Engineer: 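Got a structure here, written out as structure tokens. Questions coming.
Values reported hereafter were calculated over all heavy atoms of this structure, with side chains retained and with hydrogens, waters and symmetry mates removed. Nothing here was measured: the structure is a model prediction, and the numbers come from that model. Just so you know, ligand 1 is whichever comes first in the structure, and atom 1 is the first atom listed for that ligand.
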Amino acid sequence: MIEIKETIAVERSIETVFRVISDFTFIAQWDPGVVSSEKVSDGPVGVGSAFALALRYGIFSMRMVYTIAEYLPPFRVVLKGTGDSFAVTDTIEMAENGPLTTVTYTAAFDLPDMPPHLAPVIRPLLKRIGRTAMAGLKAALSPSSGPPRSVALFSSGIHPVDRVADGLVVPGALGFSKWGHTLAKSFWKPDTELLTGKTVVLTGATSGLGKAAALGLARRDPRLILIARNRQKALETSRELTRATGNENITVAVADLSIMAEIHRVADEILQGTPCIDVLINNAGALFPQRQTTAEGLERTFATNLLGVFTLTRRLLPALCRSKAPRILNVASGGMYTQRIHVGDLEMESAPYDGPTAYAWAKRGLVILTELWAETFRHRPFAVHAMHPGWVDTPGLAASLPRFHKAIRPLLRSPAQGADTLEWLASAVAPGQCSGLFWLDRRPHGTHVFPGTRETEDERRQLLEALTAHENHLRR
Ligand SMILES: NC(=O)c1ccc[n+]([C@@H]2O[C@H](COP(=O)([O-])OP(=O)(O)OC[C@H]3O[C@@H](n4cnc5c(N)ncnc54)[C@H](OP(=O)(O)O)[C@@H]3O)[C@@H](O)[C@H]2O)c1
């Protein structure tokens, strides 16, 4: 038996510390040796909860399963871990110490197959791993403040390295792949902020990125409202989320977000029962290979990806304004880099319809809208951000661009990897300290890479006017 013991003190409440530590899905945020951690049992975290971990130390990879054996909130949790050739018991005790919470972490390793002569080598190695993990836990639980470093250091908010990489196109595009995500992750600060007491409205949670984001958000304990067009699918998603995380504070509102009348109806419904919204995530979106027209006579790409987001956000503003620090998060796409906005032809009527181009126009519009809203709310504690998830293996991508999906499948991110930035933008402290930025992998990026895509001030104003006119026209 080899035992390692470390103590740290952090400035977070004992309840938060207990919750973050005992939900072992967070361990991937703070232990650099853990590549991923997934809760594989149903229900809220408690005795019997099980977590499957993938670990990597240098060239060694291994898998482990941890099960909670004792659970005494907010003071003590004991987890039993088993790997291929060893077992470990982690006993974590928390105590209040003035404004600090002290965490004493003891890991007792049982290595039955270890030859005795290796003990002097293994013991210091395990100690080092334990110390690194505890340093990570301390960093993860230390309260963060201020905006992201690049925002504090550079007037554009964008790190020059990212600007150069984006401009070189090939490294920029490789950043969209799963490798880009892995590289970016090595520079992240852990995010263990909870959303307890906050209300998050999320669109498009029944599939792909939205579903992965919903899972990550649900375990951070907010009240979650899912807006979806398919009631059955949405109810099933909500049940799955409750089963996986124990969060029972999840409700469903039904609307087709390409139909403005449905958006107005669902907004009325939400506003009636929800005086305050802290985070609105406009994730629902789609690329249509063929031109389609909605029942209201709108081109569907524009209606779903731009006008619908504009309308829903405007309608939910009264509730967002009641939050102390509201956030609006818009899911755009790297595809928008290829196009400029066409304010006089938002529904692509003057040219033959092309799905990816129409999609890029709409997402370009959404990024401009994000900047305009950030400007409008600059004197209030509003954070308005756009993000793009990279290339993500989702049902949406497979259906809309099947050949592209097949060709680059080995490079695609998982939905959880694509959704990570969305979850971080909703929960972490840093993105609440800045506004109007465009993010990939928790870093702000420029919004123009190719020449000729930059819009004029006049076009930005015209975009806002055009969207407002559309909204007013359809309301009458
Ligand atoms: N996957 C990528 O590589 C990628 C890259 C860049 C940007 N994005 C963006 O990421 C977001 C999510 O896409 P995804 O890849 O996860 O696609 P997905 O798997 O098709 O999921 C899209 C979600 O949006 C919902 N939705 C679509 N149209 C809707 C409408 N009219 N009304 C209500 N809900 C609607 C879908 O509902 P149903 O379940 O009912 O279909 C689904 O929940 C989109 O905005 C997309 O443009 C994706």
Side-chain angles (χ1 to χ4, degrees), residues 173 175-178 180-181 201-215 226-238 240-241 252-263 265-266 281-289 292 294-296 298-309 311-312 329-338 355-356 358-367 370 386-402 404-405 407-409 411-422 438-441 445:
F176 295 12
S177 71
K178 64 180 180 190
H181 176 84
V201 175
L202 169 64
T203 69
T206 48
S207 174
L209 275 165
K211 196 165 185 176
L215 182 63
L226 311 178
I227 307 183
R229 59 182 160 185
N230 181 325
R231 182 181 295 278
Q232 271 321 104
K233 220 170 155 182
L235 288 173
E236 183 45 42
T237 302
S238 144
E240 267 178 52
L241 295 173
V252 162
V254 179
D256 181 330
L257 297 169
S258 66
I259 306 290
M260 303 311 127
E262 293 204 19
I263 295 179
R265 182 195 38 74
V266 87
I281 305 179
N282 292 306
N283 161 72
L287 186 162
F288 304 99
Q292 295 179 27
T294 69
E296 292 173 325
L298 294 168
E299 188 281 306
R300 197 178 290 281
T301 312
F302 163 70
T304 310
N305 297 289
L306 185 53
L307 185 62
V309 175
T311 307
L312 181 68
L329 310 176
N330 297 324
V331 178
S333 163
M336 70 101 201
Y337 277 123
T338 60
Y359 175 78
W361 286 11
K363 294 292 191 184
R364 167 67 73 190
L366 186 56
V367 170
T370 305
M387 59 81 70
H388 81 97
W391 294 322
V392 191
D393 196 352
T394 63
L397 185 70
S400 58
L401 296 173
F404 176 72
H405 176 257
I408 67 154
R409 194 145 195 205
L411 301 184
L412 292 177
R413 298 162 173 225
S414 69
Q417 289 174 326
D420 170 85
T421 297
L422 209 47
F438 181 56
W439 301 80
L440 169 68
D441 289 333
H445 284 257

Engineer: List, for ligand 1, each N/O atom that has a protein N/O partner under 3.5 Å away, with both atom names and the distance.
Structural biologist:
| residue | atom | partner | partner atom | Å |
| --- | --- | --- | --- | --- |
| ligand 1 | 1 (N) | Val392 | O | 3.2 |
| ligand 1 | 1 (N) | Thr394 | OG1 | 3.2 |
| ligand 1 | 3 (O) | Val392 | N | 2.8 |
| ligand 1 | 3 (O) | Val392 | O | 3.4 |
| ligand 1 | 15 (O) | Thr394 | OG1 | 2.6 |
| ligand 1 | 16 (O) | Leu209 | N | 2.8 |
| ligand 1 | 19 (O) | Ser207 | OG | 2.6 |
| ligand 1 | 19 (O) | Gly396 | N | 3.1 |
| ligand 1 | 20 (O) | Gly396 | N | 3.4 |
| ligand 1 | 31 (N) | Asp256 | OD1 | 2.9 |
| ligand 1 | 32 (N) | Leu257 | N | 2.8 |
| ligand 1 | 37 (O) | Thr206 | OG1 | 3.3 |
| ligand 1 | 39 (O) | Thr206 | OG1 | 2.6 |
| ligand 1 | 39 (O) | Lys233 | NZ | 2.7 |
| ligand 1 | 40 (O) | Arg229 | NE | 3.0 |
| ligand 1 | 41 (O) | Arg229 | NH2 | 2.8 |
| ligand 1 | 43 (O) | Gly204 | O | 3.3 |
| ligand 1 | 43 (O) | Thr206 | N | 3.3 |
| ligand 1 | 43 (O) | Thr206 | OG1 | 2.7 |
| ligand 1 | 45 (O) | Asn283 | O | 2.7 |
| ligand 1 | 45 (O) | Lys363 | NZ | 2.9 |
| ligand 1 | 47 (O) | Tyr359 | OH | 2.5 |
| ligand 1 | 47 (O) | Lys363 | NZ | 3.1 |

Engineer: Please identify each residue that fulfils ring-ring contact (aromatic ring centres under 6.0 Å, His included) with Phe302, with sequence neighbours left out.
Structural biologist: His470

Engineer: Checking Glu299 now: which residues fulfil salt bridge (charged side-chain N to carboxylate O under 4.0 Å, His left out) with it, not counting sequence neighbours?
Structural biologist: none

Engineer: Going by the rule salt bridge (charged side-chain N to carboxylate O under 4.0 Å, His left out), which residues pair with Asp393 if we only count those two or more places apart in sequence or in a different chain?
Structural biologist: Arg409

Engineer: Using atom types as modelled and distance alone, determine if a side-chain donor or acceptor of Thr304 lies under 3.5 Å from a backbone N or O of Thr301.
Structural biologist: no

Engineer: Salt-bridge test for Glu240 and Lys211: reply yes if a basic N is under 4.0 Å from a carboxylate O, no otherwise.
Structural biologist: yes

Engineer: Let me know which of Leu257, Val309, Ile281 forms a side-chain contact (heavy atoms from CB on, under 4.5 Å) with Thr203.
Structural biologist: Leu257

